[in-house]
Amino acid sequence: MPPATRPLSALCALAALTAVLAPAAPAGAHDGTRLRFGACPESVLAPAAPDRVECGQLGVPLDRERPDGPRIRIAVSRVPASGTPGERRGVLLVNPGGPGGPGLSYAVTKRAKLPERVRRAYDVIGFDPRGTGLSAPADCGPMGGLFDAPAADPVPVGPAAERAYLGSLRRMADDCASGAGDALPQLSTAGTAHDMDAIRSALGEERIGFLGVSYGSYLGAAYAALFPQRVGRMVLDSVVGPWDWYDFDLRQSRALLRGREVFFGWAARHGERFGLGRDAGRVRDAYRRARDGLAARPVDGFGPAEFDRAVYRALGRTERWAGLADGIRAYLRDGDPAPLRPETPFDSAASRTYEAANRTVKCADGPGPAPSRVVADIRRTRRLDPQPVLTGMEASVCAYWHHRPAGRTPLGGPEAPPALLVASEHDAVTPIEGARQLAGRLPGSRLVTLHDDYSHGVFASRGNPCVDGTVAGYLVDGSLPAADVHCAGPGLPVPEPLGPREAG
């Protein structure tokens with residue numbers, strides 16, 4: 001099925017918008033009340049036989065307040081349930097997070113990890129949220145130099161650096177406004193929630209089940225606020241708290257400091273393996289030497305911003321910690337940061353779309369901070385640690401956003417049905433306090449906590465029988481646990497020994 005989408009910059013540059021975004025319908029495209037499925041793009045992985053994946057496109061208004069105005073297409077995928085008709089429980093929409101993450105392939109990849117009884121019970125539905133993937137992908141151009149290599153140090157020190165940092169945020173906001181134009185306010189969580197309900201209707205379902213991870217939990221809570229009567233069984237995993245995006249980003253930056261300290265101590269306990277020191281202080285010093293060295297002399301486009309992105313990614317899953325420690329060791333030994341580089345270049349087309357959609361959604365969801373607060377918070381964070389990881393402070397750009405939302409995205413509420421929330425006790429990406437607070441906005445909900453765990457993404461991800469069994473039972477049988485559930489976690493990993501090549 002050839003994609004029938006264009007970047008949102010085209011949305012504002014062409015008068016015949018509907019014709020641009022909705023040319024002669026390819027196989028699987030539909031603008032009416034039902035979805036027709038056909039072949040998927042080559043980018044969508046095929047599931048193992050006998051399962052199959054099929055794809056379609058659904059036309060929706062760009063602006064829900066103008067139903068007769070310009071339309072965009074939402075790319076949708078489906079892997080049918082593998083069980084008998086008597087086992088079927090309906091459809092389970094899935095979202096992998098972000099904001100900015102595409103979800104078309106997620107129906108295949110996440111379903112492969114789900115417990116068998118869930119796979120037998122549900123058609124798993126993936127979709128690219130508006131602004132991502134094949135659903136009118138966002139385009140913010142250079143994003144104020146975000147994709148420069150090396151990029152500017154994301155931790156400004158001193159007035160001149162702080163002014164330069166704010167200037168880059170202003171340029172990023174200008175680039176996004178130029179790229180999205182009149183569509184800027186429409187790339188929002190509320191807009192995606194309305195698209196979800198259009199998908200529900202097009203599938204002929206009275207209610208939808210939902211599994212949202214990370215940002216997907218925020219999206220699910222927004223859907224429950226807007227369409228409480230349409231919610232079936234809802235699982236919110238690795239929960240984003242019910243805060244403004246800037247406040248969430250700030251909380252995350254502090255949680256990352258705590259998580260990084262745990263990493264330092266873990267690497268020290270395995271000092272013979274990693275060679276960074278046998279106490280946390282020595283490991284911390286090695287980390288700082290690596291970052292300072294890359295800030296002073298970037299290597300082939302890899303500097304402090306690129307280093308911080310590698311750290312940010314690694315702190316999200318403990319199975320990545322060994323690679324981070326090995327990468328720091330290799331750089332300090334050889335001066336080569338190659339082990340720290342991402343597999344996919346940061347300036348790839350997919351990454352550019354992700355980063356553009358991420359900012360446009362966050363800034364469309366509610367008011368942003370004042371520039372003075374951005375600087376003040378960086379200074380406060382640096383007083384906690386002079387080298388914080390600010391990679392996730394994406395909503396700082398909302399200080400200069402051209403569209404100023406009148407209010408915040410509603411999340412949950414007294415009419416919302418209960419849900420099952422899942423959290424890792426020490427997740428640094430979505431701190432557990434967010435799950436506890438969001439549960440209060442979804443009356444009657446239950447929280448499943450994986451204790452002694454430090455990773456982001458829990459259900460059908462960490463391989464924990466207690467978590468997976470509890471969630472699968474809820475999805476299939478429909479009954480929430482009588483109380484919150486506490487599951488024993490794996491603790492910190494034991495690293496594999498170095499191979500001969502790495503040891504040399």
Side-chain angles (χ1 to χ4, degrees), residues 100 140-172 175 249 252-253 256-257 259-260 263-264 267 274 276 283-316 320-321 323-352 354-356 358-359 374-375 377-379 381-382 384-394 396-397 428-429:
C140 284
M143 294 191 72
L146 182 67
F147 303 105
D148 291 351
D153 193 323
V155 183
V157 179
E162 290 167 351
R163 287 192 297 272
Y165 177 78
L166 293 179
S168 70
L169 295 180
R170 184 187 292 275
R171 292 192 300 275
M172 183 185 292
D175 288 341
D249 290 353
Q252 183 193 77
S253 71
L256 287 167
L257 291 179
R260 193 177 62 181
F263 164 76
F264 290 155
F274 294 115
L276 298 177
V283 176
R284 188 182 305 109
D285 289 343
Y287 175 98
R288 289 177 177 172
R289 289 199 310 274
R291 193 186 190 282
D292 289 345
L294 289 164
R297 292 178 298 278
V299 179
D300 295 331
F302 195 95
E306 292 72 24
F307 178 84
D308 284 359
R309 289 188 202 118
V311 173
Y312 180 84
R313 181 180 183 276
L315 290 178
R320 299 171 186 157
W321 287 14
L324 175 61
D326 285 339
I328 294 172
R329 177 174 181 261
Y331 169 74
L332 292 175
R333 182 187 63 195
D334 305 326
D336 184 2
L340 297 170
R341 293 182 185 272
E343 292 183 6
T344 302
F346 182 64
D347 65 349
S348 68
S351 177
R352 286 175 176 271
Y354 176 93
E355 300 296 337
N358 176 281
R359 275 43 168 216
V374 173
V375 172
D377 284 332
I378 290 175
R379 292 174 179 174
T381 304
R382 290 197 67 251
L384 297 174
D385 189 288
Q387 283 188 352
V389 180
L390 303 183
T391 302
M393 293 292 295
E394 297 137 342
S396 297
V397 71
V429 179

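Here the CG atom belonging to Asp249 is positioned 5.5 Å from the CD atom belonging to Glu394, to the nearest 0.5 angstrom. Between the CZ atom in Arg359 and the OG atom in Ser396 there is a gap of 9.0 Å [rounded to 0.5 Å]. Interatomic distance, CG of Leu276 versus CG of Leu332, reported as 7.0 Å (0.5 Å rounding). Atoms CE and OH, on Met393 and Tyr312 in that order, are 10.5 Å from each other to the nearest 0.5 Å. Within the model, atoms CD1 of Ile328 and CZ of Arg288 stand 12.5 Å from one another, a figure rounded to the nearest 0.5 Å. Gln252 contributes atom CD, which lies 9.0 Å from atom OG1 of Thr391 (distance to the nearest 0.5 angstrom).
Considering all non-hydrogen atoms of both residues, Gly145 and Ala151 come closest at O-CB, 4.3 Å. Shown here for Ala305 and Ala152, the closest heavy-atom pair between the two residues is CB-O, 3.6 Å. Between Pro339 and Gly327 the shortest heavy-atom distance is CB-CA, 3.9 Å. In terms of heavy-atom proximity, Phe147 sits nearest to Pro142 at CD1-O, 3.8 Å.
Within the 4.5 Å cutoff, the side chain of Val429 has no heavy atoms near those of the Leu315 side chain. Using a 4.5 Å heavy-atom threshold, the side chains of Arg260 and Asp385 count as touching. Put simply, the side chain of Arg171 does not reach to within 4.5 Å of the side chain of Leu166, judged on heavy atoms. With contacts defined as side-chain heavy-atom distances shorter than 4.5 Å, the pair Leu256/Pro388 does not qualify. Residues Ser351 and Thr344 form no side-chain contact, since every pair of their non-hydrogen atoms from C-beta on lies 4.5 Å or further apart. Counting heavy atoms from C-beta outward, Phe274 and Val283 have side chains that stay 4.5 Å or more apart. Contact check for Leu324 versus Leu340: side-chain heavy atoms found under the 4.5 Å cut-off.
The only member of Val157, Val374, Val375 that meets side chain to side chain contact (heavy atoms under 4.5 Å, CB included) when paired with Tyr165 is Val374.
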| request: Please step through salt bridge (Lys or Arg N to Asp or Glu O under 4.0 Å) for the pair Asp153 and Arg291, ending with a clear verdict. | output: CA-CA 10 Å; Asp153 193 323; Arg291 193 186 190 282; 2.9 Å; yes
| task | Give the C-alpha distance, both sets of side-chain angles, the deciding distance and a yes or no for side chain to side chain contact (heavy atoms under 4.5 Å, CB included) between Asp336 and Tyr331. | result | CA-CA 5 Å; Asp336 184 2; Tyr331 169 74; 5.9 Å; no
| Please walk me through it: do Ile378 and Glu162 pass side chain to side chain contact (heavy atoms under 4.5 Å, CB included)? | CA-CA 9 Å; Ile378 290 175; Glu162 290 167 351; 5.7 Å; no
| task | Begin from the C-alpha positions of Arg333 and Asp326 and carry the test salt bridge (Lys or Arg N to Asp or Glu O under 4.0 Å) through to its verdict. | result | CA-CA 10 Å; Arg333 182 187 63 195; Asp326 285 339; over 6 Å; no
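Between the side chains of Asp292 and Gln387, a donor-acceptor pair is found at a separation under 3.5 Å.
Between the Thr381 side chain and the Asp377 main chain, a donor and an acceptor come within less than 3.5 Å of each other. Proximity of a side-chain donor or acceptor of Asp175 to a complementary backbone N or O of Gly144 within less than 3.5 Å is detected. When atom types are taken as modelled, the side chain of Trp321 and the backbone of Phe263 share no donor-acceptor pair closer than 3.5 angstrom.
Around CZ of Arg170, the count of heavy atoms belonging to other residues, nucleotides or ligands within 6.0 Å does not exceed 12. Heavy-atom neighbours of Asp285 CG from other residues, nucleotides or ligands within 6.0 Å: above the threshold of 12.
Taking the side-chain hydrogen bond (donor to acceptor under 3.5 Å, both in side chains) definition, one finds that Glu306 meets it with nothing, sequence neighbours left out. Every ring pair (Phe, Tyr, Trp, His ring centres under 6.0 Å) that Phe264 has, sequence neighbours left out, goes to Tyr287.
Geometrically, Arg309 engages Phe346 in a cation-pi contact, judged by NZ or CZ lying under 6.0 Å from the ring centre and within 45° of the ring axis.
Under the 4.0 Å criterion applied to side-chain N and carboxylate O atoms, Arg313 and Asp308 are not assigned as salt-bridge partners.
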